[in-house]
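As structure tokens, the structure follows; a few thoughts come after it.
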Amino acid sequence: MKKIIFIIFIFSILLNISCTTDVICTESKYVKLNANFYHVIYNDTTKIRTVYQLSLDSLTVQGLKKDSVTGAYQPVDSILYKNQNGIVPIYLPLNNYLPESVFRFKFNTISDTMTIYHKNLNDYLSLECGCIVTHSIDTIITTHHYIDSVRIIIHDVNTINAENIRLYK
Amino acid sequence: MRRIFVYISSLILCLAVSNATAQKNKQISIPVDSTRWLNGFTVYVDVASLISSSLINNGTYSTEAGIQLDLKHKFFPTFELGVAGANKISTENINFRTNGSFERFGIDFNLRKKKPDSKPTNNLFTAGIRLGVSNFNYNVTQVTTTDTYWGGSNTFDYPTQNTTKIWYEFVVGVHVEVIRNFYMGWNLRNKNLISKDSPGEVSPWYIPGFGQNSSSNWSINYILGYHFWPQKKNAKSKKQLIIQKINNQINK
């Protein structure tokens with residue numbers, strides 16, 4: 001009886017070894033810049049500054065790509081957010097092969113253009129998952145029609161979902 | 001399925017041979033002298049890795065051999081040496097290629113307790129530990145990144161990467177003396193990686209001697225070995241054993 005149990009034990013282990021197949025990728029490959037909107041109210045009497053997180057009524061975000069012939073910025077075919085309400089945070093894909101990514105924000109009828117300068121870095125994950133491109137933000141320039149200012153919180157944009165930038169109204 | 005068949009059939013073969021020869025060994029087995037410190041050494045090769053490398057096309061190969069000292073028939077210091085490699089193309093079309101050698105050293109302990117009325121035998125049921133190390137080069141080629149939003153793709157290589165990996169193993173095994181001084185058996189190994197991949201490292205998919213790169217692996221060896229330096233001075237010939245047996249029966 002002991003012998004049978006022993007043999008079954010060995011067979012089950014062998015079966016386990018022999019049935020191993022190619023592992024599929026289980027790691028996250030989602031690399032996008034995380035941005036939140038804030039509004040700062042300064043009370044003159046109390047002299048206290050209060051920061052509120054904004055939930056926008058209507059937001060449209062689209063990438064702008066430089067035309068190699070004319071040099072002018074043209075909208076990318078795909079729109080990231082289209083007239084969306086209450087989206088916080090928003091996730092922006094940075095360009096994997098160029099050091100700048102340009103986005104046009106439309107808040108109801110008011111538009112702003114934001115340019116993000118960044119470094120790109122290839123990050124090899126594994127044979128199953130392949131390679132991703134991560135980014136390190138250098139500077140951000142924006143127009144100031146609706147957006148007042150931009151603050152970089154975390155420079156590294158990778159698979160960790162953390163707030164990278166804050167946009168202040 | 002082919003792999004299962006190979007393993008199961010080889011195990012059945014091992015059991016069948018060991019059972020058949022066990023009958024003979026009951027009469028002719030010449031036990032080693034457990035009072036002496038050094039009782040010779042066994043040289044062995046792993047047949048399982050050779051068979052699986054030649055029959056199963058999973059992109060890897062491995063072959064290994066070892067030497068094991070017999071100290072008092074209780075302790076078995078072991079040194080193992082092998083070569084292994086891989087040529088694997090992933091579902092993302094990335095090619096991983098390596099060829100390298102590996103070494104393991106450690107000790108086995110004989111778990112078989114000798115009962116006062118039991119017949120003397122050289123068969124072993126062992127458990128032990130190993131420390132394995134492999135320094136090897138590898139290439140990762142045809143790595144591709146794509147940008148689904150802005151467009152474009154890029155293909156590049158990571159040529160001639162080098163790393164050293166260290167791991168420890170728990171080993172359980174059975175060794176049966178099938179013919180005088182010829183051993184057959186198996187070892188079941190649980191391997192655990194000590195040196196993990198560092199951040200930013202292009203991690204190898206396969207580690208020679210360890211297997212696929214993960215925190216823990218299982219493997220089995222099917223060994224054939226020969227025991228050198230048997231205790232000739234203390235050993236009795238077949239004829240003497242038979243005579244002694246007859247005398248014992250007469251006395252009873």
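Since this is a predicted model, take the numbers as computed values, not measurements. Note on naming: letters A, B, ... go to the chains in the order of the sequence lines (proteins, then strands), and numbering restarts at 1 for each one.
Interatomic distance, OG1 of B:T91 versus CG of A:L127, reported as 8.0 Å (0.5 Å rounding). Here the straight-line distance linking atom CD of B:E92 with atom SG of A:C131 works out to 10.0 Å at 0.5 Å rounding.
In plain terms, the two heavy atoms of A:Q62 and B:Y149 that are nearest each other are C-OH, 3.9 Å. Listed here is the closest heavy atom pair of B:T146 and A:N96: O-ND2, 3.3 Å. Contact detail for A:S126 and B:S203: the closest heavy-atom pair is CA-OG, 4.4 Å.
Atom CD1 of A:I160 has 12 or fewer neighbouring heavy atoms from other residues, nucleotides or ligands inside a 6.0 Å radius. Within a 6.0 Å sphere centred on NZ of A:K119, other residues, nucleotides and ligands contribute 12 heavy atoms or fewer. Atom CD1 of A:I152 has more than 12 neighbouring heavy atoms from other residues, nucleotides or ligands inside a 6.0 Å radius. At most 12 heavy atoms of other shown residues, nucleotides or ligands fall within 6.0 angstrom of atom CZ in B:R97.
For chain B, the option among A:N122, A:D77, A:D123 with the highest count of heavy-atom pairs below 4.5 Å is A:N122. Of all the listed residues (B:T148, B:N154, B:T145), the one sharing the greatest number of non-hydrogen pairs under 4.5 Å with chain A is B:T145.
At least one side-chain heavy atom of A:E128 sits less than 4.5 Å from a side-chain heavy atom of B:W205.
Only the backbone of A:L64 comes within contact range of chain B, judged by heavy atoms closer than 4.5 Å. With a 4.5 Å cut-off on non-hydrogen atoms, A:L121 does not touch chain B at all. Looking at A:K32, neither its backbone nor its side chain comes within 4.5 Å of chain B, counting heavy atoms on both sides. For chain A, the nearby part of B:V143 is the side chain; its heavy atoms alone come within less than 4.5 Å.
Using a 4.5 Å cut-off between non-hydrogen atoms, the part of residues 97-110 of chain A that approaches chain B consists of A:Y97, A:S101, A:V102, A:F103. Using a 4.5 Å cut-off between non-hydrogen atoms, the part of residues 156-170 of chain B that approaches chain A consists of B:F156, B:Y158.
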